[in-house]
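The sequence lines fix the lettering, A, B, ..., with proteins before strands; numbering per chain opens at 1.
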2 protein chains.
Amino acid sequence: MLQGVDMRLTKGCKKVLEVLEQVQELSSAQDIHGLMRNEDDKAPGLTTVYRSLESLVSAGLVQAVALGDGERRYELVKPGEHHHHLVCDKCRSSVHLDQCLIEELEEGIKNKYGFQIKGHILEIFGTCKVCTAK
Amino acid sequence: MLQGVDMRLTKGCKKVLEVLEQVQELSSAQDIHGLMRNEDDKAPGLTTVYRSLESLVSAGLVQAVALGDGERRYELVKPGEHHHHLVCDKCRSSVHLDQCLIEELEEGIKNKYGFQIKGHILEIFGTCKVCTAK
DNA sequence: GTCATTTTGAAAGTGATTACCATTTCCTAT
DNA sequence: ATAGGAAATGGTAATCACTTTCAAAATGAC
């Protein structure tokens, strides 16, 4: 899964990847750091976690997610891909949308507004199936 | 335009509305405060600006926009409405999308994922018509 | 092994936002 | 009008996520 990835895989990065693999959940840098330090007192420091996340994001292995609350979350993705979320305001779980709504519109927006899309943020908040049922 | 709005219109709020009316542009709380203080040394303080924006947002007169850079921007809207932006990474201008892409999808997402949408963030980054032409 | 480069980490610094709290302003009953 | 109480205000300090700094430690090439 790491084949063909063009970046130096430092210890910090490896550790971060491990944690993200385990949690399978949107996690902030501080979350990740906390989890590391829980099971290992001399796990990488917070600075390294931030730096590793930065590298991993630009390598396309991890995506950063802005939920608009001033705290960035991170998540493993298939290299180069990304996706958006339905974030439950009750249980904080998040479901992935199986397709990016923006990519489909890219051409239309280009034509209509003459705007060349380079990136976007899209997250949806509400109540998930499970919490609605309760 | 302020008819039927259910909130106390304090001095701070009025001043903030004035500024937002003039700039017609995404502005941060600090931007707004700066502009006020430029033309009037005893314009409301920063704290009041933040508080006013909070009231105005919950009254639906102003929308808060998260661009994912850790600085919230604000903008006048028709009461209760909202819209999304094409933000140019060259000139920082922003064009409004004339319709909300998410509202259209609400029903589909409800059916497909059982998710009840309550809110969302959507902003698109790239290069605008003018800057592309250059 | 040696030396240069890269990585790391603790602490200090930033920048936006919020909490505090004392002062001022506004409204209402007298 | 005016006194009293609630709401609004503003400067400062605190918070919080994140970044910078810089010296020490790990890595890698020769």
Next item on the list: Any chance you could lay out the side-chain hydrogen bond (donor to acceptor under 3.5 Å, both in side chains) test for A:Ser28 and A:Glu71, step after step, and finish with the verdict?
Entry: CA-CA 7 Å; A:Ser28 70; A:Glu71 190 175 14; 3.2 Å; yes

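- The NZ-C1' distance, from A:Lys42 to D:dA26, rounds to 16 Å in whole Å.
- The side chain of A:Thr10 lies closest to C:dT8, out of C:dT17, D:dG10, C:dT8.
- Following rounding to the nearest Å, A:Asp69 (CG) and D:dA17 (P) show an atom-to-atom distance of 9 Å.
- Atom-to-atom, CZ of A:Arg72 to P of C:dA16 comes out at 14 Å; the value is rounded to the nearest Å.
- Residue B:Thr47 has its side chain nearest to D:dG11 when only D:dT9, D:dG11, C:dA16 are considered.
- When ring centroids are compared, B:His85 and B:His96 come within the 6.0 Å threshold.
- Judged by distance alone, with hydrogens and angles left aside, the side-chain atoms of A:Glu123 form no donor-acceptor pair with the main-chain N or O of A:Val65 at under 3.5 Å.
- Nucleic acid contact for B:Arg51: base, since at least one base atom lies under 4.0 Å from a heavy atom of the residue.
- Following rounding to the nearest Å, A:Glu54 (CD) and C:dT7 (C1') show an atom-to-atom distance of 14 Å.
- Atom CG of B:Leu67 and atom P of C:dT17 are 11 Å apart (whole Å).
- Taking every side-chain heavy atom of B:Thr48 into account, D:dG10 is the closest of C:dT17, D:dG10, C:dT8.
- Set against D:dA17, C:dT18, D:dT27, the side chain of A:Gln30 has D:dA17 as its closest nucleotide.
- A:Leu9 places its CG atom 15 Å from the C1' atom of C:dT6, with the value rounded to the nearest Å.
- If you measure from atom CD of B:Glu71 to atom P of C:dA16, you get 5 Å, rounded to the nearest angstrom.
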